Amino acid sequence: MGKLKTIGVLTSGGDAPGMNAAVRAVVRAGIYYGLKVMGIRKGYEGLLKGDIEEMTARSVGDLIHRGGTALQTARSPEFNTEAGVNKAIAIAGVFGIDALVVIGGDGSYRGALDLGKKGLPVICIPGTIDNDITCTEYTIGFDTAMNTVQDAIDKIRDTAYSHERCSVLEVMGRKAGYIALNVAISGGAEAVVLPEKDFNIDIDIIKPIIEGRNRGKKHYLVVIAEGVGGAVEIAEYIEKKTEIKTRATILGHIQRGGSPTVYDRVMASRMGAHAVKLLRDGHVNRAVSFINGQITDYDLAEALSMKKTIDEEMIELNKILAL
Ligand code: F6P
């Protein structure tokens with residue numbers, strides 16, 4: 001990379017609470033280190049369209065507490081082609097962008113790697129409520145999403161208790177059960193079903209409910225990850241098998257919105273500043289990560305080849321505590 005003068009920043013994939021705090025950190029750290037920072041709207045699609053303008057310290061004011069992404073986000077089929085990647089690099093050149101900070105999930109990282117390989121230096125920051133990026137123990141938005149779900153669970157428990165019912169709650173996570181597993185523990189669920197694990201409805205859901213009833217329980221919570229799906233059908237099956245009145249709730253996109261928690265704001269701020277420092281120090285094509293309580297970074301290609309597994313001890317813990 002030649003002398004770094006201008007960096008671009010974009011958010012891509014599903015929005016996540018805390019993305020704004022990350023953009024703010026990139027912009028302000030960039031300006032602090034004497035760089036010009038260009039904001040790219042609507043992810044890679046905006047890059048292809050040249051929907052780009054310079055950001056100032058003031059243009060990211062009053063943003064740290066807001067959910068969603070002020071830069072907006074989009075999915076771009078054109079960018080997924082080689083011609084699209086070449087065009088994106090050419091347009092970055094037109095705007096004088098020497099390096100790009102991408103805030104997003106797994107798919108956004110793959111797009112960034114394509115840009116990096118073709119000569120536009122990139123740094124990725126993990127932003128997704130799913131916490132499923134393999135090279136990091138934390139992704140921006142996860143804590144806020146879990147707290148949103150927890151608030152819903154507490155409300156659902158009130159009515160489930162009042163009517164002595166079972167509630168089946170479907171939470172986000174098409175391929176990842178991190179939200180589901182954590183809120184099952186924090187919400188006191190009798191059972192949790194994750195996309196990473198095969199399940200048998202009679203053994204994994206009906207059995208703990210009946211055993212709980214035999215021990216005197218009067219209301220029940222079953223958490224289903226979106227990737228497993230079928231919350232309504234599962235609720236009907238529970239009611240048929242146990243004769244316990246059962247209701248299904250699918251939380252959906254409510255989990256993606258809302259003001260970020262303190263944890264997400266702090267993590268976003270630390271990761272955003274780290275991304276800029278990496279570029280300032282001449283490091284390129286890196287993935288910002290959180291490992292063992294430290295902000296660190298990995299080579300982007302290596303990061304994308306890593307594996308992340310669901311914590312078996314947490315699954316076991318939920319079974320133990322459902323007693
Ligand atoms: O990746 C974040 C996420 O919210 C997943 O949990 C969910 O499966 C997906 O995005 C939904 O995507 P969309 O908003 O495009 O329907």
Side-chain angles (χ1 to χ4, degrees), residues 10-23 41-46 66-80 102-112 124-153 168-184 186-187 192-197 223-232 234 248-261 263-264 267-268 271 287-290 303-304 306 308 310:
L10 61 80
T11 54
S12 170
D15 61 308
M19 277 184 165
N20 284 326
V23 170
R41 259 185 287 276
K42 297 190 184 163
Y44 295 123
E45 192 177 293
R66 291 210 208 141
T69 162
L71 281 180
Q72 299 186 287
T73 181
R75 305 196 195 280
S76 170
E78 187 186 354
F79 182 71
N80 287 333
V102 171
I103 305 164
D106 206 54
S108 314
Y109 276 41
R110 289 181 199 284
C124 290
I125 296 178
T128 165
I129 64 164
D130 291 345
N131 202 28
D132 62 344
I133 297 182
T134 50
C135 66
T136 181
E137 289 166 7
Y138 192 76
T139 64
I140 296 163
F142 182 49
D143 187 57
T144 307
M146 286 193 299
N147 278 287
T148 300
V149 178
Q150 187 55 57
D151 181 55
I153 288 180
V168 176
L169 180 70
E170 185 180 305
V171 302
M172 270 191 166
R174 213 174 277 157
K175 294 191 196 130
Y178 299 102
I179 294 178
L181 182 55
N182 279 275
V183 300
S186 68
V192 58
V193 190
L194 311 171
E196 294 88 345
K197 291 262 159 200
V223 176
I224 312 282
E226 177 193 357
V228 176
V232 172
I234 289 173
T249 305
I250 298 170
L251 275 188
H253 284 81
I254 196 169
Q255 295 161 93
R256 284 241 295 263
S259 187
T261 58
Y263 192 72
D264 271 323
M267 290 299 277
M271 287 180 171
V288 176
S289 303
F290 184 70
L304 280 166
M306 291 178 180
K308 191 171 186 175
I310 201 97

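Given the structure is predicted, the values throughout are model-derived calculations rather than measurements. Just follow the structure's listing: the first ligand is 1, and inside any ligand the first atom is 1.
- The distance between the ring centers of Y263 and F142 does not fall below 6.0 angstrom.
- For a heavy-atom separation below 4.0 Å, the residues in contact with ligand 1 are R75, T128, I129, D130, M172, G173, R174, E226, H253, R256.
- K197 NZ: 12 or fewer foreign heavy atoms inside a 6.0 Å radius.
- Atom OG1 of T148 is separated from atom CZ of R256 by 12.5 Å, given to the nearest 0.5 angstrom.
- To the nearest 0.5 Å, atom CD1 of residue I129 and atom CD of residue Q255 are 5.5 Å apart.
- Remark: F290 pairs with no residue by the ring pair (Phe, Tyr, Trp, His ring centres under 6.0 Å) rule, at least two apart or across chains.
- Atom SG of C135 sits about 9.0 Å away from atom CG of D106, to the nearest 0.5 Å.
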